[in-house]
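One structure is given here, and the rest of the page talks about it.
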Amino acid sequence: MGQSRLSRRAVLKTAALGSAAVITAPYVSGVHAAGSLTLGCWDHWVPGANKTLDKICKEWGEKNKVDVHIDYITSQGEKDKLTAAAEAQAGTGHDIMSHRDWNIQIHQRLLEPLDDVVGQLIKQYGPISPVAEYLAKIKGTWRGVPTAVGSQVKPCQSRFDLYKEHCGVDLVDMFPADESKYDKAKTDKWTWDLYLECAQKLHKAGYPVGLPMGQTSDAVDWVGALFKSFGVVMIDEKDNIKVNSNETRAALEYLKKLMAVNPPEVYAWDDAGNNRWIISGKGSGIMNPPSSWAVAKRDNIKVAENIWHHAMPSGPKGRFVGQLPQFYGLWSFSKNKSAGKDLLLHMSQKESMAQLVAASSGYDLPSFRSMYDFETWKTVEPPKGVVYSYPPRADEQTSMFGAPARSEVGAQMYNQAINTVMVSKFTQGNEKLDDVIKWAEKELEGALRA
Amino acid sequence: MADTVHTWVPSLQTAGARPSTRRGLGKFLRQRSTIAFLMCLPLIVIIFSLVIYPAFYSIYLSMLNKAQTRFVGLGNFSFLLSRDVFWMVVWQSAIFALSAVFFKAVIGLITAHLINNLPAKGQRKWRGMLLVPWVIPLALSSLGWWWLFDPTHSAFNWILKSLGFNEIAWLSDPYWARFSVILVNVWYGAPFFLIMYLAALKSVPEQLYEAAAIDGANAWQKFIHITLPMMRNIIAITVLFSLIVTFANFDIVQIMTAGGPRNMTHVFATYSFLLGIRSGDLPLGAATSLFMFPILAIAAIFILRGVRKRGRDIA
C-alpha cells in the first residue's frame, strides 16, 4: 500500500489555503421560513436606540418568517457578562448574545465560527478594525461579528473655548469637521508634549484636565493608548515580557508630570467620574466617547456648546486612540444557527449601521473605516460637527491595551488594569520606577499563566 | 363518571385486602420524626440546591484550568499563593473583617446598654430608629455612602470645607478608602449586635444585680462580673456570625471602590469577582473565594468550642 509523503511545509500551506478559502467563500443564506431566534443584547444608554435595533431585526424577521425576540441586558454591575457566563455554564439560553471587550475570547469554545459572515462583510466594506480582529478572531477563526451598537473609541473631548483662552490652541481649526480640510502641519503639532503644556496651563487657570487613573476601562484605555504611542510593549506575541524598557520608563516619567496637574481624585474615579468632571464645568478636557457631551447637552448646555471631539495627541511611535468594540456571538448550542448568521449579516449592513449610528447620536461606532462617512457625525450639534472627529480620522489608529500579547494574556492584563496600577504606584504611591517595573514583571508572569 | 366509580371501588377492595399495610403507612406518617422531616423537606431541598450543591461545584470548579477542560488539582491554589496581589487581598480581608467586627461589637454593646437603661416607653422608639441601617438594602445604602464620599463632589468634604478644614481624599487615598469601607460596614452591621446584645441583657436575672448592689458593687463591677459573663455565649456567637458575613462582604467594597485604588481595598469576594467574572477565569475566581473557607472554619471551631465549654460549665 503506497503512502504519500507530506512535508510539514506542505501541510501548513494547505491549511493556510484552506482557511483563506473559508474566509473568502461568499456567505450563502440558509434561512428557511421557520423557527425563532432569541437575542440577548446590550441595553443602550441612549433613549430610543434599542428601538432602532428592534426595528432592524423585526424587518428581517418578517421578511424571513422568523420570530425574533430581543432581551436587553444592562452592563451595569456587569449583568450582561454574568448572563453570558451563566448561559455558557448551562449550555442553554439565547441564540445570539452581545459580548463586550474580551468576552468573545472568554467564551470562544462555545461560540460558533463566523468566518463566512465576517468574510462577506470584509469583502463588502474593506478592512476591519485591527482591535476588533484582535478581540474576535481567535486562532484564525472569527467567533464574533463586530457591531456598531455600544462600540466606542475614547478620543479627546475638550473645551475648545478654554484651550483657546488659556493655551492659545485652536482645536476646531486643528481638527475641522471635514477630513479633507485637515492640515497635516497643524495636526502634527498635536503631540503629548503640547498636551502636557496645555494641561499645565489649564491647571494653573483653574480648569484641570480630568484623566481617570482607577481600574476601570476609561482609565485603562487612555493609558493604553498613551503607552502604545510611546512604544511600550508589556508582553509580545511570543510570550516575552518586555515591560522593562526605555519606552516604559519614558512613558511613566511623562505621566508623572501629567498626573501632577490632574485633580487628586482621579485615582478613585470610575467610568462616570470623568463624565461628571467635564459636565460640571470644572474640567477642560477628558478622553471619552460623546456620552458625556450628550448628558451635558441635557444638563449643562453652556458646557456642551463648547465641547469638541478630536484626535489623541501623538507620541514617538504614532497617534493611537483606545477602542472598545462590541460583538455578537452565536452560541454553539443555538438551535437556529443558519437564521442567526443571516440576521447577523443583515444587522451588519451599512444601511443598518447608519440607522444605529443615527439613533445613538453618533456614539455607536462601526468597525469598518469605510463607514465613517455617515451624515450623523457631520450634522450632530451643538456645536455643529462636535462629533465629526470622534471616529478615528487621518493618521489616528485604534489600540487595545493587552495587544500584541495572546488575547488570553491580554484579557488578564486589561481586566486587572496592570497599566493604571503601575502609573498609580509611581505617581500616587511615589514608588521607585525600578520597583514599579519589577512589580509589573511579576504580575505579567501571572498573566502568562492564561 | 362511571369510570371514576369503576376505578374507585376496586381500589377500596384492594385497600381492604391489606389493612396491615395501610395501618403501617398511617403509623409511619403519624410519627413525629416523619412529620418533622416532611416539614423540613422544602428547606432541605433549598439548602441542598442553593448551598451544598454550589459549594461542592465550586470546589470542583476550582480544580479545573481556565477553559474548564482539564483537571489541574490544586494548581489554582498554588498559583494564587505565589501572587503578591493575592496576599495583599488576604491581609486586607483580615483588616477589614477584624476591625469592622471589633467596632461593631463595641458600638453594639454600648448602645445596647444605653437603650436598656432607658425607660421602657422610650426604648421601642430608639430600638426602631437604630435598626434602620440594618433594614435598608445594603446595595442602596452603600450607594448613598458613596455619594457622601464621592471623589469630586463629596458632601462630607463640602461640610469640612465650609468649616474651614482641608478636604479629605476619602476614596482616592488608599488608606482613607480602607477607612471608608470599614466605616460603612460598621454603620450597617452595628444594629445587628445591638439587637442581639439587648436581648441578652434582658435575659440577665435582675436578682443578680440586686445581690451585687447589696454587696456594694458599683456599675463597672456589675458589668464586668455579671453582665459580661452572662453575655459571653451570645457575644461569641454574634462575633462568629458577623465575622463570616463580613469576610464574605461584596456590596460595600464593590460599590464604593471596586477594589481600588491600586488594589488596596480588595477583599476576597471582590477579587474573586474580578478574576472569575471580569477576567473570565471562573476556576481561579472559585479558588479565591474558597480561601475564605479554612479561615472561617478555624474561627468557627474555636468560637463554638468555647460556647460548648461554657454551656457544659453552666449545666
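Here is the naming used below: chain letters follow the sequence lines, and residue numbers restart at 1 for every chain.
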* Under 4.5 Å from any heavy atom of chain A - which part of Leu275(B) -> side chain

* Of the backbone (N, CA, C, O) and the side chain (C-beta and beyond), which part of Trp146(B) lies under 4.5 Å from a heavy atom of chain A, both, or neither? -> side chain

Between [Y] and [X], is there a side-chain heavy-atom distance shorter than 4.5 Å?
X         : Y         : result
Trp269(A) : Leu171(B) : no
Trp170(B) : Glu265(A) : no
His153(B) : Lys282(A) : yes
Gln428(A) : Pro174(B) : yes

* To do: State, without any angle test, whether Gln215(A) and Asn263(B) hold a side-chain donor-acceptor pair at a distance under 3.5 Å.
  => yes

* Do Gln416(A) and Tyr271(B) have a side chain donor and acceptor closer than 3.5 Å? -> no

* **chain B contact via Gln108(A) - which portion, at a heavy-atom distance below 4.5 Å** => neither

* **Which atoms of Asp101(A) approach chain B - backbone, side chain, both or neither, heavy atom under 4.5 Å** => neither

* Top residue by heavy-atom pair count (under 4.5 Å) with chain A, among Ala258(B), Ala177(B), Ala67(B)? -> Ala67(B)

* To do: Considering only NZ, NE, NH1 and NH2 on the basic side and carboxylate oxygens on the acidic side, decide whether Lys66(B) and Glu408(A) come within less than 4.0 Å.
  => no

* To do: Please check if the side chain of Arg83(B) supplies one atom and the backbone of Lys442(A) the other of a donor-acceptor pair under 3.5 Å.
  => yes

